[in-house]
Structure formats: C-alpha cells, structure tokens
Amino acid sequence: MLDKRFIRENPDVVKQAVRVKGLDLDVDELLQLDQDNRKLQFEVDQAQSRRKSFSKEFAKADEARRAELRAEHADFDTRLKELREQLAATSARLGELMLLTPTVPWEGAPVGPDESANTVVRAWGAPPSFDFAPLDHVDLAEKRGWAEFARARRVAGERAYVLCGDLVLLERALHSYALELLRERDFQLMAVPALVKEAPLVGTGMLPKGRAEIYEIPADDAYLAGTAEVSLVGLHSGEILDAAKLPVRYAGISPCFRREIGSASRDVRGLLRVHQFEKVEQFVVCADDQAESDRWHAELLDTAETILQALGLAYEVVECSTGDMGVGKYRMNDINTWFPSLGLYRETHSCSSMRDWQARRANVRYRTADGEVRFAYTLNNTAVATPRLLAALLENCQLADARVRVPEVLRPYLGGRDTL
RNA sequence: GGUGGAGUCGCCUAGUGGCCGAGGGCGCACGCCUCGAAAGCGUGUGAGGGGGCAACCCCUCCGUGGGUUCAAAUCCCACCUCCACCGCCA
C-alpha cells in the first residue's frame, strides 16, 4: 500500500510501477475515487457538524421547538444518510484499489515481465563433481530409508512426504544451526502461529491477491500461513513502536503451507515443492530510512549466504526483475542453490525489502525521537527452508556408497557424526 | 463445549442516554523553585482524515461491526480478545 499523497503527487511514477510490475490497476480511477472520496468526506463532516449542533439545541428546547427540530431533522438526516452511503461506497472501492497499489521498485531492478529478466549478481562455490553416478534426493532418501512418498500420499495426497530416521535429525540440525546463527546476530527467536486470521494476511500483502495460494479454514475463519512473516508482522499490527526499540529483528520458525495451485504437475517428484514445510525466516522492522533498510537487506542476504557457505553449497544471488518481485517489493534478491540432479540452481531463499508498503497495510508505525509518528520499513529473507534445502544438502553431500557427509556446522546437532 | 466477569487517551481508573467537547491519578515533557537535584507548584500531554496562506478550525475513534435514538463510552445484537470456573484433552 502506498501513501495516498504520494500517489496524488506522483501519478506517473505509480503508473510506471504498475506497468513494469505487470499489474492490473487503474491509477486514474484510483485518483478519481480519492478526489470523490475527499469531497464526500468534507460534506459528511460538515453535515455531521450541523447534526451535532441540532442535538445540542434539542436537549435545551421545549416540546414545541422539539417538534420543529424533529421535522427539520427528517430531511437533514435523509441527506446525511445518503452522503454517508456514497462515502461508504467510494471509500470501500478506494480501499480495494489501495490494497493493489505497488511499491515503486528500486531503479537498479532489471525491468522485465518475469523471472526470465532476472540477472545473476554473484555466485559462490562450484557445483560438486562426482566420480560416481550421483542419485537425486528422492532415490537417495528412499535407498537409505529416509523418506516415504507413496505412503505419505496415501495419507495426505499429492506433494506429501514423510521424513524418516536420520533425515528427521538432519532437518532439525539445519533449523537449529540457523536459529543459533541468528541468535548470535541479535535476532530474537520466535516460534509463531501458522494458523492465522485474515487480518495479518492482508497486512503482509498475501491477501487479497494471493488468495488462491492459501489454505482456508472457513469453519473457523482461519487460514494456514505460507510463512512466519505473516505472524511476525501481525505481532506489531496497530502498534506505535518506540524508535529506541528499532530495529526489531526476529528469527521466526513455523510450519508453512502453500497450495501451489499455479504449479500443477511441476516439481511433483520429491521434496522440492511441497504443500507443507518448515522454515526459519529472518524479519526486520526498521526506521523509514532507505540507507538503513539497504543495510539490513545486505545483512539478511549475508546471513543466508553465510548459511549456504557453511553448508558448502554452491549458489548464485539473483537480482529479481520488476515483473518477478511482486506488488509490495522494492527490491528482491533470490538465492538459488545448486541441485546436482537438476544440473541447475533452484531458489532456496528470497530476500525482500518492502519499504513501508507492508507497514502501511498492517499499520506498524514508530515514533521518532522528536515525537513524529511514521510508518516503519520491513524486510524479510529465508534463513533455512526445509525440505527443499534438505534435498540440496543430500544431493550435494552424497558419497559413492549413498552415505551423506555432514557439514561441520551441523555436526554438533547430530551427536558429532561426520557422515550419515 | 458450557457458565460467569471484563475490555475507556502509554499504564491505572471515573463514567448506567444530553453537564463526556471523556474527569482523576501515574508516567512523560517543559517551566518555576534550587548551587544542582529530589520534593513541591504550574502548564502541556493520543491517533487518523479533511479545510485554511496562516493563527487556527471541523470530523472520526471509548475492543470490532451492526442496530435503537433528535442524541450512545453508556441501551440492544453479533463477533473478537482477556480473566475465572466446569467439562474434555496433548
């Protein structure tokens, strides 16, 4: 969501953002509605003001005068009611459009319709070379008795999986390592709800646009969140934070649920694209200062890269194009990790700067030292999302005999074992 | 699942239809006093929207949404959250 004043003053900038992001939003309609809405608001305010003085007079009036006033009121109230209805209609429509307004992307983002326009900004590590025929993560896991797919699907349908034995421990190890790293970097560890109400989903920007992607539980007016970000933003919804409390840094861990409705029959094999997964998410609320936000963006990226480097996984950092980054994002960098079985890099992390787009929706503000109330900036990035990263780890660290070498940083969480 | 109680300006609290245009206390800020501070005294103390060149003015907000009424923090309905107890349960 954007500042209405900004839209009024920079309609062309907003239109340009709508265009490069490939969105469907009529900015002129929005501006017209905004103008209509303000006019109506003004009229309603004035009518309301008169009505108040009527009521005061009524309290002091005698019966004869009261009858007169009642008669005058009848007309007046009809008109006020009409005005109110018009105002409700325009402001509801305006609100809908406001929820679709995009963050203006940073000038460095490649302009393009989708991920095909993304560019690689740097790469780290070399894909491993094997002197044996490496297995893909599915074959490897099944060979070791570490996963069940057919049976899992009997229980939970397509894209379901069961992790078994050491793979359960390895998954935990990845999360434990990520949480510990983030704790050392002054992030507050948070285990948050995945079962959430509608409001935080709207607040984060997952709704209304992403409705098809979210599991809904209508009986309880609830949803299953696709990321811990939903709860983390929601925690501060409606608050005015003390500037001294900023930046707020969270490492949120939660199960995540995605319907993958647009991915029918894509990546149906294995652990790459599943409906339920486990993720440690990095999340920051900071002051509305672009330079500071940029620093946090870099730090969130650095933490993710530190994790991948510590795991010894080759990756590339991608600058996401305007068409790929989504409505609310100012800047987005994906990190793609090497998957030997695919022979390519696949997304394992996604780092986003939202400016105040999310904070405006969720109404997260802060008070500056001189008492001014402002919307905060928010950022987020994956730390570790499993089982996708688990699959990468298996494939990259496999040995000729189908054992898996454990990266050193995970060994403390696996009883010191160097292979599984 | 059931029963009862409660949600007011950062915190506590007053408020049972018009004197609430929300009072008081705490906290906070500024001033007086003081060598300095504390205490004391005084003044101020929310958010959002709109109008005006401006000083300033108007409207909305007492958990949320409806309703009754000329008029709602106050009455009615629904929902949300919290507290207590009962039942069930990891």
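Order of the sequence lines sets the chain letters (A, B, ...), proteins ahead of strands, with each chain counted from 1. Bear in mind the structure is a predicted one, so any value in this text is a computation, not a measurement.
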Any strand is fair game: report the nucleotide pairing with [N] by Watson-Crick or G-U wobble, both distances under 3.5 Å, or none.
{"N": "B:rC28", "result": "B:rG44"}
{"N": "B:rC33", "result": "none"}
{"N": "B:rC19", "result": "none"}
{"N": "B:rG4", "result": "B:rC83"}
{"N": "B:rA54", "result": "none"}
{"N": "B:rU69", "result": "none"}

Stepwise ring pair (Phe, Tyr, Trp, His ring centres under 6.0 Å) test for A:His236 and A:Tyr250: CA-CA 12 Å; A:His236 295 292; A:Tyr250 289 138; 5.7 Å; yes
Distance-only donor-acceptor test, A:Asp45 side-chain atoms vs B:rG49 base atoms, 3.5 Å: yes
For [X] and [N], what is the distance between atoms [atom1] and [atom2] respectively, to the nearest whole Å?
{"X": "A:Lys81", "N": "B:rU69", "atom1": "NZ", "atom2": "P", "result": "11 Å"}
{"X": "A:Lys4", "N": "B:rG49", "atom1": "NZ", "atom2": "P", "result": "8 Å"}
{"X": "A:Arg374", "N": "B:rG48", "atom1": "CZ", "atom2": "P", "result": "11 Å"}
{"X": "A:Gln48", "N": "B:rU60", "atom1": "CD", "atom2": "C1'", "result": "8 Å"}
{"X": "A:Asn363", "N": "B:rG46", "atom1": "CG", "atom2": "P", "result": "18 Å"}
{"X": "A:Leu80", "N": "B:rU69", "atom1": "CG", "atom2": "C1'", "result": "14 Å"}
{"X": "A:Asp221", "N": "B:rU64", "atom1": "CG", "atom2": "C1'", "result": "13 Å"}
{"X": "A:Ile240", "N": "B:rG46", "atom1": "CD1", "atom2": "P", "result": "11 Å"}

[atom1] atoms of [N] and [M], separation to the nearest Å:
{"N": "B:rC19", "M": "B:rG40", "atom1": "C1'", "answer": "33 Å"}
{"N": "B:rG21", "M": "B:rC59", "atom1": "P", "answer": "11 Å"}
{"N": "B:rC75", "M": "B:rA38", "atom1": "P", "answer": "44 Å"}
{"N": "B:rU3", "M": "B:rG87", "atom1": "P", "answer": "15 Å"}
{"N": "B:rG36", "M": "B:rC20", "atom1": "C1'", "answer": "44 Å"}
{"N": "B:rG23", "M": "B:rC62", "atom1": "P", "answer": "15 Å"}
{"N": "B:rG63", "M": "B:rC70", "atom1": "C1'", "answer": "28 Å"}
{"N": "B:rG18", "M": "B:rC12", "atom1": "P", "answer": "26 Å"}

Carboxylate-amine/guanidinium proximity below 4.0 Å for [X] and [Y]:
{"X": "A:Glu82", "Y": "A:Arg79", "value": "no"}
{"X": "A:Glu216", "Y": "A:Arg211", "value": "yes"}
{"X": "A:Glu299", "Y": "A:Arg295", "value": "no"}
{"X": "A:Arg153", "Y": "A:Glu148", "value": "no"}

Nearest to side-chain heavy atoms of [X], which nucleotide of [options]:
{"X": "A:Ser55", "options": "B:rG49, B:rG18, B:rG46", "answer": "B:rG18"}
{"X": "A:Asp77", "options": "B:rA47, B:rC59, B:rC70", "answer": "B:rC70"}
{"X": "A:Arg51", "options": "B:rA72, B:rA47, B:rC58", "answer": "B:rA72"}
{"X": "A:Arg5", "options": "B:rG46, B:rC70, B:rG50", "answer": "B:rG50"}
{"X": "A:Lys52", "options": "B:rA47, B:rC70, B:rU60", "answer": "B:rU60"}
{"X": "A:Arg365", "options": "B:rU81, B:rG18, B:rG48", "answer": "B:rG48"}
{"X": "A:Arg38", "options": "B:rU60, B:rG21, B:rG51", "answer": "B:rG51"}

Step-by-step salt bridge (Lys or Arg N to Asp or Glu O under 4.0 Å) determination, A:Arg411 to A:Asp418: CA-CA 6 Å; A:Arg411 291 178 194 168; A:Asp418 55 8; 5.1 Å; no
Which is true for [X] with a 4.0 Å heavy-atom rule: it touches a base, it touches only sugar-phosphate, or it touches nothing?
{"X": "A:Val44", "value": "nothing"}
{"X": "A:Phe54", "value": "nothing"}
{"X": "A:Arg50", "value": "nothing"}
{"X": "A:Arg84", "value": "nothing"}

Pairwise side-chain contact, A:His275 with A:Phe257, heavy-atom cut-off 4.5 Å (strictly under): no
RNA chain B: 5'-proximal contact among A:Lys56 and A:Arg367 (nearest heavy atom): A:Lys56
Verdict with supporting geometry, A:Arg172 and A:Glu278, salt bridge (Lys or Arg N to Asp or Glu O under 4.0 Å): CA-CA 10 Å; A:Arg172 295 245 161 171; A:Glu278 199 77 13; over 6 Å; no
